[in-house]
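The block underneath contains the structure these notes are about, expressed in structure tokens.
Each chain gets a letter, A, B and so on, in the order the sequences are listed, and its residues count up from 1.
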Amino acid sequence: MVRRKRNASGADLDITTAATQPANEGRHNKSQKFVETAATSRPKRASSGVDGAPKPNPTKSASKGKTATAKAARSTKAAKSAKPTKDPKPAKRPTYTTENASDGRRSSNVSVEIEQHIEEEQDQDGEDYGIGRAYWLMKAEPESRIEKGKDVKFSIDDLKAAAKPEGWDGVRNLAARNNMRAMSKGDQAFFYHSNCKVPGIVGVMEIVQESSVDESAFDPEHPYFDPKSDRDRPRWSLVHVEFRRKFRNIVKLKELQKFAEKGGILENLQTLKQTRLSVSKVSKKEWDFILSLVDEDEAVA
DNA sequence: GCCAACGTTGGC
DNA sequence: GCCAACGTTGGC
């Protein structure tokens with residue numbers, strides 16, 4: 001799977017230390033409170049690869065600029081999914097308190113956020129979805145892109161064809177990782193195709209196994225290897241997902257954007273506010289609305 | 001291929 | 001802790 005991710009250099013903000021990351025302050029997290037950060041304008045950046053660091057995509061230009069999502073090495077994956085190492089996180093969502101959010105928020109804030117996220121869903125129709133099922137959106141790149149000699153493409157069809165639960169590895173962004181750590185078994189997620197001809201939501205999957213250590217970060221040959229992560233202090237996590245449904249009609253990004261204007265029902269959809277977040281939250285209201293954009297007659301169960 | 005919008009790093 | 005430089009994401 002891929003997932004987008006990356007930043008191979010990950011910092012070090014690791015897990016328990018990142019409590020204060022200035023850079024992200026005020027950025028994500030709040031599900032709805034997206035603070036408009038005053039992003040100072042940035043100078044244009046030179047082309048990548050300036051330093052001698054490990055170059056991430058040697059073949060990028062050749063591959064049409066796809067970006068990464070990584071499904072990385074499927075081979076290593078099989079091994080890992082076999083016996084995942086449990087993550088440090090306490091699994092129950094309301095009590096999730098380990099680690100900080102990348103944005104420098106304290107963990108308690110993280111749990112508050114999560115609770116709000118769940119609450120939101122329950123308020124929706126007054127119905128109780130069990131323990132409070134939550135909804136998410138996860139991105140992967142359906143078109144080929146070579147990273148470290150490996151194709152990182154991963155589409156809804158690849159997931160559908162998988163014989164076992166797929167470990168969503170390769171996420172190398174703290175906010176996205178924290179979202180995965182907050183997931184519970186039974187949660188549903190939209191499968192989003194990014195960095196491709198027609199970006200948009202193409203189907204639904206289910207979280208079938210809660211977060212565990214992303215072993216791909218330890219493998220130097222892996223496209224998403226992170227030298228700063230080690231088994232004593234794993235930095236990255238993944239969840240396992242299973243295919244549930246593929247829409248015949250893609251709910252295109254363009255269409256989602258139409259409902260995201262001020263006052264629109266999707267005005268706070270996290271993925272539209274933080275386009276670089278590969279794993280984002282979706283409220284029940286947003287989830288139901290987006291599903292209404294799928295022609296049920298054509299939807300493939 | 002371009003570039004806006006970030007995220008990370010490291011000097012100070 | 002701040003901030004400029006640099007790298008990445010991902011739409012177009």
Side-chain angles (χ1 to χ4, degrees), chain A residues 2-15 17-30 34-71 100-105 137-148 152-155 170-179 192-202 223-229 235-236 250-258 260 269-280:
Chain A
V2 173
R3 350 150 171 42
R4 216 149 228 52
K5 42 204 79 292
R6 355 315 184 74
N7 325 307
S9 33
D12 13 0
L13 358 151
D14 216 341
I15 322 198
T17 11
T20 38
Q21 198 73 1
N24 319 316
E25 212 53 334
R27 278 195 184 141
H28 6 42
N29 4 348
K30 248 37 218 123
F34 180 66
V35 187
E36 193 110 25
T37 47
T40 39
S41 43
R42 281 171 170 291
K44 235 134 206 147
R45 69 230 207 15
S47 26
S48 43
V50 177
D51 59 3
K55 198 124 273 75
N57 358 272
T59 50
K60 184 167 205 172
S61 41
S63 54
K64 246 73 250 93
K66 258 52 217 150
T67 341
T69 343
K71 183 44 348 27
N100 56 266
S102 63
D103 31 18
R105 271 161 192 263
L137 179 148
M138 302 169 87
K139 303 177 185 176
E141 297 180 37
E143 296 176 6
S144 288
R145 191 169 65 72
I146 306 303
E147 224 174 279
K148 280 173 86 169
V152 298
K153 107 178 187 60
F154 191 71
S155 69
V171 171
R172 298 291 180 270
N173 169 282
L174 293 168
R177 180 206 65 185
N178 288 342
N179 275 339
Y192 181 94
H193 278 175
S194 69
N195 212 358
C196 57
K197 276 292 197 285
V198 184
I201 297 171
V202 296
Y224 299 111
F225 169 61
D226 178 2
K228 302 240 179 74
S229 181
R235 187 194 302 281
W236 306 112
I250 294 181
V251 178
K252 306 180 179 71
L253 169 62
K254 272 250 173 27
E255 188 163 14
L256 296 174
Q257 291 172 327
K258 289 195 294 186
L269 187 65
Q270 193 178 27
T271 191
L272 296 180
K273 297 195 146 204
Q274 294 169 251
T275 63
R276 299 179 51 190
L277 240 201
S278 64
V279 178
S280 61

Mind calculating the distance between CG (A:L269) and P (C:dG11) to the nearest angstrom?
13 Å

Taking CD from A:E143 and C1' from C:dC12, how many angstroms apart are they, rounded to a whole number?
13 Å

Without decimals, in angstroms, what is the distance between A:I250 CD1 and C:dG11 P?
12 Å

Distance check: side-chain N/O of A:K228 vs OP1/OP2 of B:dT9, anything under 4.0 Å?
yes

Measure the spacing between CD of A:E147 and CZ of A:F225 and express it to the nearest 0.5 Å.
14.0 Å

In whole angstrom, give the distance that lies between atom CG of A:L272 and atom P of B:dA5.
15 Å

How close or far is atom C1' of B:dT8 from atom CZ of A:R172, stated in whole angstroms?
15 Å

Nearest-Å distance for atom pair CG/P, residues A:L137 and C:dT9:
17 Å

Answer yes when A:R235 and A:D226 have at least one side-chain N-carboxylate O distance shorter than 4.0 Å, and no when they do not.
yes

Only residue of A:V171, A:T271, A:N173 satisfying side-chain contact (heavy atoms from CB on, under 4.5 Å) with A:L277 is A:N173

Whole angstrom value for the distance that separates P of B:dA4 from CD of A:Q257
17 Å

Quick one: side-chain contact (heavy atoms from CB on, under 4.5 Å) partners of A:S155, sequence neighbours excluded?
A:P142, A:K153, A:D157, A:D158, A:H193

Does the side chain of A:Y224 get closer than 4.0 angstrom to OP1 or OP2 of C:dT8 through an N or O atom?
no

Whole-Å distance, A:R177 CZ to C:dT9 P, equals 16 Å

